[in-house]
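The structure appears below as structure tokens.
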Amino acid sequence: MIDINILRENPELVKQSAENKNAKVDIDKALELDENRRKLIVEVENLKALRNKVTQEIADAKKNKVDAQSKIDEMRVVSGKIKELDSQLAEVESDFNGLLLQIPNIHDESVPVGKTENENVITKTVGETTSETKPDHIEIAKRLGILDFERGAKVSGSGFAFYTGKGAALERALINFFLDENTSRGYYEMMTPFMVNEESMRGTGQLPKMAEDMYHMQEDNMYMIPTAEVPLTNFHRDDMIPYSELNKQICGYSPCFRREAGSYGKDVRGFLRVHQFNKVELVKFTKPEDSWTELDKMVEDVENLLSKLGFTYRLNQLCTGDTSFASAKTIDLEVWSEGEQNWLEVSSCSNFIDFQARRANIRFKRTADSKPEFVHTLNGSGLATPRILVALIEKYYDGEKINIPECLHPYLRFKTI
RNA sequence: GGAAAGGUGCAGGAGUGGUUUAACUGGCACGCCUGGAAAGCGUGUGUGCUCGCAAGGGUACCGAGGGUUCGAAUCCCUCCCUUUCCGCCA
């Protein structure tokens, strides 16, 4: 949710930003509702002040055994009016809030303006791409017996897979490697619930927009998490984080569940898009003045993982049109897939500034008696395993076996598959 | 799934229709006292919205939402959550 004051003082900025992000939302209507809302508040609160005053007079009169009937009659009318105005106000307020929730975050000035992913900007490339054609991960995985898509489909449905034998061990090793690296760089590890309630989904912005993309259990009105970002960020929902704990960085492993409704046709083969995958998520809660340097540091943390795994990778600065609803700026990290002869997105690092914090009500105070302020939140994948596994299988396959990169050796009882 | 108890401010905890502007205790902050400290004494102590240049004012908030009433933490209804016991179960 954006700051109402920005909306009031600089509606043009909000409009321009929404347009740059390809969002359609009626800013003028929101302003009009806001004005209407404030008028009603003034009116109804004046009446409430009157009622409180006279109510006290009635109490005093009764105590002194003085007749107060005329005042009671008078207040009966006032109370009726209050009730009427309150319900009007509730309606205006709910319309206003509904509209406010649809306004996307204002993108940072540094984000290139563009409609589609074609206008994204590659800001850094590390390593060399290859042109030698290699078998793709599906082929290799089948040969070596480390992934089973057919049985995944039988047991669950398309978009689910079994990791088998050394494949399962490799997956486990990746997760542990990511967690150990990140915790050694100052992230505090957590294991979270994998199902969350509605308020949490609203807090991080999955609801109401992404409802279609999530697995929902109607019986209990709970959602399977699409990313650990949800529980990790909501950990501090409605909290006042002690100033001494900022900037706070946490990480957590979770499986991620995504319906991927309507995403057929692009990057869907094998492991490139699945309904359930494993990921280690990085989340930061920072002081507002630090969030941009913390974003750079987060990207470096992810680069560290990719470097240790020996990948060719690049940084992709998303343009406004490709930047998500809640994000002010997003940098994707992509690895080179030798089998696909293409770049695969493996991480997305975003600064949400105060947008999520405002929704989820996550604040801090600089001193005991200073005003509460919203923290800034950031998150990024560090890392999601499926595409890492794809790139790894392809890169380290020598035609016969996969030679496990050294950084994973401590986590495995074998060095080849 | 069955039963019971409970949900009040920073924490503990009182409070069953009108001096509750939420008692009291503790915590914390500031001040007094002191050579310094402790003890003691005094003062203060939340959040949202809103009006105001500001100082400051108004209003709402006792798990959530409704209702009754001139007036609700308090009475009524619905829901949520926590704890304990029983049942079932990894």
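Order of the sequence lines sets the chain letters (A, B, ...), proteins ahead of strands, with each chain counted from 1. All heavy atoms count here, side chains included; hydrogens, waters and symmetry mates do not.
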Starting at the 5' end of RNA chain B, which residue's closest nucleotide do you reach first, A:Arg363 or A:Val42? A:Arg363

Atom CZ of A:Arg37 and atom P of B:U59: how far apart are they, to the nearest Å? 18 Å

For the P atoms, the ones on B:G71 and on B:U59, what distance do you get once it is rounded to whole angstrom? 15 Å

More than 12 heavy atoms of other groups within 6.0 Å of A:Met191 CE: no

Starting at atom CZ of A:Phe96, determine the distance to atom C1' of B:G48, rounded to an integer number of angstrom. 14 Å

For A:Arg185, is there an ion pair with A:Asp180 - N to carboxylate O distance below 4.0 angstrom? no

Gap between atoms CZ and C1', on A:Phe374 and B:U47 respectively (whole Å): 11 Å

Would you call A:Lys29 and A:Asp95 a salt bridge, using N to O less than 4.0 angstrom? no

Which nucleotide in B:U50, B:G18, B:U47 has an atom nearest any side-chain atom of A:Ala59: B:G18

When you check the phosphate oxygens OP1 and OP2 of B:G58, does a side-chain N or O of A:Asn52 lie under 4.0 Å from one of them? no

Among B:U47, B:G18, B:A60, the one nearest any side-chain atom of A:Met240 is B:U47

Rounded to whole angstrom units, what separation is found between the CD1 atom of A:Ile241 and the P atom of B:U47? 16 Å

Polar side-chain atom of A:Glu394 near backbone of A:His137 as donor-acceptor pair, under 3.5 Å: yes

Sugar-phosphate only, base, or nothing, as touched by A:Arg358 at under 4.0 Å among non-hydrogen atoms: nothing

Starting at CG of A:Asp238 and ending at P of B:G48, how long is that distance when rounded to a whole Å? 12 Å

Name the nucleic acid region contacted by A:Lys53, choosing base, sugar-phosphate or nothing; use a 4.0 angstrom heavy-atom cut-off, strictly under. nothing

Checking base pairs now: Watson-Crick or wobble, both atom distances under 3.5 Å. What partners B:G6? B:C81

Sugar-phosphate only, base, or nothing, as touched by A:Ile58 at under 4.0 Å among non-hydrogen atoms: base

Looking at A:Lys15 and A:Glu19, does any basic side-chain N land under 4.0 Å from a carboxylate oxygen? no

Output all residues satisfying side chain to side chain contact (heavy atoms under 4.5 Å, CB included) with A:Glu294, sequence neighbours left out; order by chain, then residue number. A:Asn247, A:Gln249, A:Lys284, A:Thr286, A:Asp290, A:Lys297, A:Leu378

If you measure from the P atom in B:C77 to the same atom in B:U45, how many Å do you get, rounded? 38 Å

Check whether any side-chain nitrogen or oxygen of A:Arg51 sits under 4.0 Å from OP1 or OP2 of B:U69, and answer yes or no. no

Between A:Gln56 and A:Lys71, the residue closer to the 5' end of RNA chain B by nearest nucleotide is A:Gln56

Looking at A:Phe285 versus A:His236, is the centre-to-centre ring distance below 6.0 Å? yes

Which nucleotide, if any, forms a Watson-Crick or G-U wobble pair with B:A72, using both distances under 3.5 Å? none

Could you give the distance separating B:U43 and B:U25 at their P atoms, to the nearest angstrom? 12 Å

My understanding is that a pair needs two contacts under 3.5 Å, Watson-Crick or G-U wobble. By that rule, which nucleotide pairs with B:C61? B:G46

Pick base, sugar-phosphate or nothing for A:Asp73, based on heavy-atom distances below 4.0 Å to the nucleic acid. nothing

Whom does B:G31 pair with, Watson-Crick or G-U wobble, provided both distances fall under 3.5 Å? B:C41

Can you check whether A:Ser79 has a side-chain N or O nearer than 4.0 Å to OP1 or OP2 of B:U69? no

Under 4.0 Å: is that the gap between some side-chain N or O of A:Arg38 and OP1 or OP2 of B:C51? yes

With a 4.0 Å cutoff (strictly under), does any side-chain N or O of A:Arg76 reach OP1 or OP2 of B:G71? no

When rounded to whole Å, the CD1 to P distance for the pair A:Ile72 and B:C70 reads 7 Å

Nearest-nucleotide pick for A:Met75, side chain only, options being B:G58, B:U47, B:C70: B:C70

Quickly work out the A:Leu85 CG to B:A60 P distance and round it to whole Å. 14 Å

Among B:C51, B:C49, B:C70, which is the nearest nucleotide to the side chain of A:Glu45? B:C49

Sorted by chain and number, sequence neighbours left out, side-chain hydrogen bond (donor to acceptor under 3.5 Å, both in side chains) with A:Lys115 holds for A:Asn22

What distance, rounded to whole Å, do you find between the two P atoms, one in B:A23 and one in B:U16? 15 Å

Counter-base of B:G12, judged by Watson-Crick or G-U geometry with both distances under 3.5 Å: B:C24

Complementary nucleotide for B:G1 - Watson-Crick or wobble, under 3.5 Å: B:C86

Report the nucleotide, chosen from B:G18, B:C70, B:U59, that has the shortest atom-to-atom distance to any side-chain atom of A:Ala49. B:U59

Measure from the side-chain heavy atoms of A:Lys48 and tell me the nearest of B:G48, B:U59, B:U47. B:U59

Applying a 3.5 Å limit to both distances, which nucleotide forms a Watson-Crick or G-U wobble pair with B:A54? none

Can you figure out which of B:U68, B:G46, B:C70 approaches the side chain of A:Lys365 most closely? B:G46

Spacing between A:Glu93 atom CD and B:G65 atom P, to the nearest angstrom: 13 Å

